[in-house]
Amino acid sequence: MSTPNMRETQMENPKYHLFKDTELLIWAQLADHISTRIEQCEFSFGDSLPSKKMLASEYAVSPTTVRRAIADLLRRNVVTRTPGGRLFPVITGEAESMKLTRRWWRKLAWQIHDNPDAMDSLELYSPRAWVHGFRADVRRKAMAEEHQAGATA
C-alpha cells in the first residue's frame, strides 16, 4: 500500500469547492469565484493572482479548466496579464475606494472589538471577507500574546 502524494491529497481536499453536478460549466464557476475573490479585495493592491498550478490545486481542477477561466477573466477585463505572464486584478475606481473603506473598517473594528453589540452591527453591513480577515488578525494576535506569555513564564 503506497502513501498518497501531496497532489493526490490536495485533489481530495481542495481549499475551494466547485459544483460538478450543475448545468454551469466548471471553468465558468471558477472564473466567477475568482472574480468574487477580487471584488472582496482578497488580493491586495499590487499582488498577483496565484499561479495556474496553484489555482488548479486550490480548486481541484485540471490546468485546462484554469486556462479557460483565466481566458474568460481576461476577456471580461477582470484581470490583466503582464509580459512575464503574471496575472493581476484590474483595479477600478470603485475597488480602490473599497480598499480605503476596508482599511477604515479594520481600524474601527480594532477599536470596538471588545464590544460584541457594536461588532455585530459593524459585521452586519460589511463584506464577509473583511470580517473573516479581521477575525484571523485577532486570533493571530491572541496566539502571539499566549506564546509570548508562555516564553516569559
Side-chain angles (χ1 to χ4, degrees), residues 6 9-20 22 24-61 65-66 68-153:
M6 188 173 180
T9 304
Q10 287 174 334
M11 293 299 270
E12 292 172 9
N13 301 315
K15 186 175 181 180
Y16 302 103
H17 295 279
L18 300 175
F19 300 102
K20 298 186 176 168
T22 65
L24 189 58
L25 298 171
I26 299 294
W27 66 265
Q29 291 180 52
L30 177 59
D32 288 343
H33 193 264
I34 292 170
S35 178
T36 301
R37 289 172 67 186
I38 290 169
E39 288 171 6
Q40 292 179 340
C41 300
E42 188 173 319
F43 304 104
S44 299
F45 180 73
D47 286 350
S48 66
L49 269 63
S51 67
K52 292 176 193 170
K53 187 176 180 180
M54 181 65 77
L55 287 171
S57 69
E58 282 182 353
Y59 289 94
V61 296
T65 302
V66 174
R68 290 192 71 184
I70 288 173
D72 182 56
L73 293 171
L74 287 165
R75 183 184 53 76
R76 293 188 306 176
N77 201 29
V78 175
V79 297
T80 185
R81 188 186 316 258
T82 63
R86 294 176 61 197
L87 296 166
F88 289 88
V90 173
I91 304 297
T92 62
E94 182 178 330
E96 190 61 36
S97 67
M98 279 190 71
K99 286 184 184 300
L100 295 175
T101 306
R102 179 182 187 187
R103 198 172 305 130
W104 171 87
W105 184 90
R106 289 180 89 130
K107 185 176 179 182
L108 179 61
W110 272 113
Q111 293 172 358
I112 66 169
H113 84 278
D114 291 332
N115 183 338
D117 294 333
M119 275 305 292
D120 288 344
S121 297
L122 186 62
E123 291 176 3
L124 183 64
Y125 299 104
S126 305
R128 273 193 329 221
W130 295 5
V131 176
H132 178 74
F134 175 73
R135 289 196 174 146
D137 287 347
V138 171
R139 283 193 301 273
R140 276 193 293 275
K141 184 177 180 186
M143 287 174 52
E145 288 172 354
E146 287 176 16
H147 184 305
Q148 193 173 20
T152 58

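Here, residue 1 is the first one in the sequence, and each next residue gets the next number.
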Side-chain heavy-atom pair [X], [Y] within 4.5 angstrom cut-off:
X    : Y    : value
S35  : V78  : yes
V138 : W110 : yes
L49  : F88  : no
L55  : I34  : yes

To the nearest 0.5 angstrom, please state how far the CE atom of M119 sits from the CD1 atom of I112.
->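 If we round to the nearest 0.5 Å, M119:CE and I112:CD1 are 5.5 Å apart.
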
Distance in Å, H113 NE2 paired with K141 NZ, rounded so as to fall on 0.5 Å steps =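 Going from NE2 on H113 over to NZ on K141, the span is 6.5 Å.
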
For [X] and [Y], which heavy atoms make the closest approach, and how far apart are they?
X   : Y   : answer
P50 : M54 : CB-CG, 3.8 Å
W27 : A69 : O-CB, 3.5 Å
R86 : S48 : NH2-OG, 3.1 Å
T65 : L30 : O-CD2, 4.1 Å

Carboxylate-amine/guanidinium contact R37 E58, below 4.0 Å =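 A salt bridge is present here (some side-chain N lies under 4.0 Å from a carboxylate O).
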
Could you walk me through whether D32 and R76 pass the salt bridge (charged side-chain N to carboxylate O under 4.0 Å, His left out) check?
-> CA-CA 11 Å; D32 288 343; R76 293 188 306 176; 3.5 Å; yes

Stepwise side chain to side chain contact (heavy atoms under 4.5 Å, CB included) test for T80 and L87 | CA-CA 6 Å; T80 185; L87 296 166; over 6 Å; no

